[in-house]
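Worksheet: one structure, shown below.
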Amino acid sequence: MPRKPARLPLAFPALLLLLSSAWGCGDDDAPSKPGFTPVFEGADCSFPLQGVRCGWVEVPERHAQPEGQRIRLSVMHVLSTGAEPAADPLLMLTGGAGASAIGAFRELMLGPAGAAIRARRDIILFDQRGAGASTPSLKCPELGAMVAQQLGKPLSTEQQRALTAQALQQCHDRWVAAGVELSAYNSVESASDVAAVMKALGFGTYNIYALSYGTYLTQHVLRDHPEGIRGVTLDSTGPLERNILASAPKSGDRALRLLFSTCAADPACAQAYPGLEATTLQLMQTLAVTPATIQATHPTTGQPITWALTQEELIGGLLNSFSASSIPILPLLISSMTKGDFTPLNGLLPTWAQRDDSFADLREYTFRCTEAAGFSVDEVGQQGLYPPVAAFFTQVLEDIRDTCAAWALEPVDESALEPVRRDTPALVMSGQFDITTPPELGMQVHQNLANSFFIEFPATGHVVLGPCALGLLGAFLEDPAAKPDDACVRALELTFVTP
């Protein structure tokens, strides 16, 4: 299965790493409280770059308790290359909720792709609380250690799930013992962090680009700290009032059905892969009875290993491959596997073992447990879904439910999950094949935001950021009152790879 792109957005543990992700009224001084004034503290950058300021902004772990424990947010201020830059910089928020914005955007925005925006504006990157280089960074090396120890062993799906849950619990217990109040690592507190960072840097007006979980965070900022926000661009988003976890089974099923129907409507694809839907379902049934053996290399020892491609692994791997670069080859990949040829998967690791050590797994869980755990697995709408897909998501959601129940983190107030309705100019972008935040969810956000424009990217999955989206972002920054020319979007086409 094609390797997934660098992890940016929401992510399910164990079986589906990519699916991910994600998700009070202030005055001009918010989030400042008596005894707390946000200040930018300069520090050496960890890499030699011209025109970049690095440093920290210290904020309360609980903004309502400014005299309490403090945490530090890692900040990068990229100075504009223009002689007279605009006064309103671009703040970029990434997903996860455990990804690093600095890691995700630094090379992109300092390179040729970001040159046009950088010529007009400063760019602000900061790692959200609990993630990246901010401290504490809620990473779970216990998960990596578990993978290194267990990879290559003949584990059942149930054993994989149990080992993952055990490693997560060990990570949770270690951070609690260190004195971290995990319930404070939520979007409401993080929205106050955004306001604090921009105040510390001295910007009274700014713009936001956000992707995946960052779009949920941006809606919290729009509600609680709207002052100074000139416009927002939301890439792969959903409304706060729709539970992202409860929506996952329907969203994943939809993406598979869209793949099948799009292939059937394409003459070349239909001829090369007739009956792709039936073929795929038959492949799932076959692997449920007789898993296939995949050859790989242990990432730590370098020794050859084998692992079993089960029905669950197939579903997780397929959904993990709904990116713009991978969608065109999925029918060919499925066709090869139905003929007994699994060699295209050799070299890959099973989804439960794929790790990004820079990702703060526990921060993603604090989002889930404080903001998205309010659902019953039995009540999640799975009627009409492919039975194997429904069973797959039942397992994933049960694991999340059990973990959150064991940790008993304090949920955010219900008012924090109400619809955000603002007239701030907004550009909402969705990918046609998005398995996490499909266009339907983006459209709902568009309807909530009175002065917004909605653009759907064909032949694209979760996260549309690329040359076309960067061009639209640049145009929107220049004139948030006008819908950008989306000719580059209309030019996007899906061409399936055929034999």
Side-chain angles (χ1 to χ4, degrees), residues 10 21-27 29-39 56-75 91 93-101 124 126-139 172 175-176 178-200 208 210 212-227 229 240 244 360-374 404 407-418 420:
L10 305 162
S21 219
W23 352 201
C25 287
D27 55 26
D29 293 326
S32 297
K33 302 285 184 182
F36 168 58
T37 299
V39 176
W56 307 88
V57 174
E58 187 177 81
V59 297
E61 189 174 51
R62 286 282 192 185
H63 281 271
Q65 301 168 10
E67 302 303 327
Q69 184 162 279
R70 299 288 180 91
I71 62 177
R72 296 212 303 171
L73 306 174
S74 179
V75 178
L91 169 67
L93 302 175
T94 193
S100 163
I124 309 300
F126 86 92
D127 288 340
Q128 298 159 25
R129 61 170 51 208
S134 293
T135 54
S137 185
L138 303 179
K139 298 174 184 177
H172 165 274
W175 283 112
V176 170
V180 174
E181 185 187 352
L182 294 177
S183 296
Y185 292 78
N186 60 53
S187 298
V188 175
E189 297 288 352
S190 194
S192 291
D193 294 344
V194 170
V197 167
M198 300 312 290
K199 182 174 182 178
I208 298 177
S212 195
Y213 164 75
T215 68
Y216 289 82
L217 174 55
T218 298
Q219 291 173 75
H220 286 279
V221 178
L222 282 173
R223 183 190 55 236
D224 295 345
H225 306 283
E227 52 280 351
I229 301 178
L240 299 185
I244 191 65
D361 298 273
L362 197 61
R363 173 63 186 97
E364 182 175 47
Y365 264 87
T366 63
F367 158 67
R368 291 172 173 168
C369 297
T370 62
E371 300 172 57
C404 290
W407 295 355
L409 301 187
E410 177 187 349
V412 297
D413 190 87
E414 290 184 3
S415 63
L417 302 179
E418 293 177 354
V420 174

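All values below come from the heavy atoms of this structure, side chains included, with hydrogens, waters and symmetry mates left out. In this chain, numbering begins with 1 at the start of the sequence shown.
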What's the spacing between H172 NE2 and L409 CG if we round to 0.5 Å?
5.5 Å

Least distance between heavy atoms, T218 atom then A210 atom
OG1-CB, 3.2 Å

Please give me the minimum heavy-atom distance between G132 and S100, naming the atom from each residue.
CA-CB, 3.7 Å

Value for CG (L93) from CZ (F126), rounded to nearest 0.5 Å, stands at 6.0 Å

Salt bridge (Lys or Arg N to Asp or Glu O under 4.0 Å) partners for E418, two or more places apart:
none

Do the side chains of H220 and E371 get nearer than 4.5 Å, heavy atoms only?
yes

Which residues share a side chain to side chain contact (heavy atoms under 4.5 Å, CB included) with S134, sequence neighbours left out
L73, S74, D127

E61: partners by salt bridge (Lys or Arg N to Asp or Glu O under 4.0 Å), with sequence neighbours left out
none

I'd like to check the ring pair (Phe, Tyr, Trp, His ring centres under 6.0 Å) partners of W56; sequence neighbours left out, ordered by chain and number.
none

A373: partners by side chain to side chain contact (heavy atoms under 4.5 Å, CB included), with sequence neighbours left out:
C404

L222 CG to I229 CD1 distance, which is reported to the nearest 0.5 Å:
4.5 Å

Show, in sequence, the C-alpha distance, side-chain angles and deciding distance for W407 and T366, and conclude whether the side-chain contact (heavy atoms from CB on, under 4.5 Å) test is met.
CA-CA 10 Å; W407 295 355; T366 63; 5.9 Å; no

If I compare all heavy atoms of Y213 with all of S187, which pair ends up nearest, and what's the gap?
OH-OG, 2.6 Å

Taking Q219 for the side chain and T215 for the main chain, is one N or O donor matched with an acceptor at less than 3.5 Å?
yes

I would like to know whether F36 and R70 meet side-chain contact (heavy atoms from CB on, under 4.5 Å); could you show each step before the answer?
CA-CA 10 Å; F36 168 58; R70 299 288 180 91; 4.1 Å; yes

Closest heavy-atom pair and its distance - S137, A360
OG-CB, 4.4 Å

Using a 3.5 Å distance criterion without hydrogens, assess whether the side chain of E189 forms a donor-acceptor pair with backbone atoms of P60.
no

Here's a test for you: under salt bridge (charged side-chain N to carboxylate O under 4.0 Å, His left out), which of R62, R72, R129 qualifies with D193?
R129

Once you round to the nearest 0.5 Å, how far does OG of S190 lie from CG of D224?
11.5 Å

Note: A196 and V59 closest approach over all heavy atoms is CB-CG1, 3.9 Å

Nearest 0.5 angstrom please: H225 NE2 to R223 CZ, how far?
9.0 Å

Which atom names give the shortest non-hydrogen contact between T94 and A99, and what distance separates them?
CG2-O, 3.7 Å

Who passes side chain to side chain contact (heavy atoms under 4.5 Å, CB included) against P136, sequence neighbours left out?
I71, L138, W175, V180, Y185

In Å and rounded to the nearest 0.5 Å, what is the OG1 to OH distance from T370 to Y365?
13.5 Å

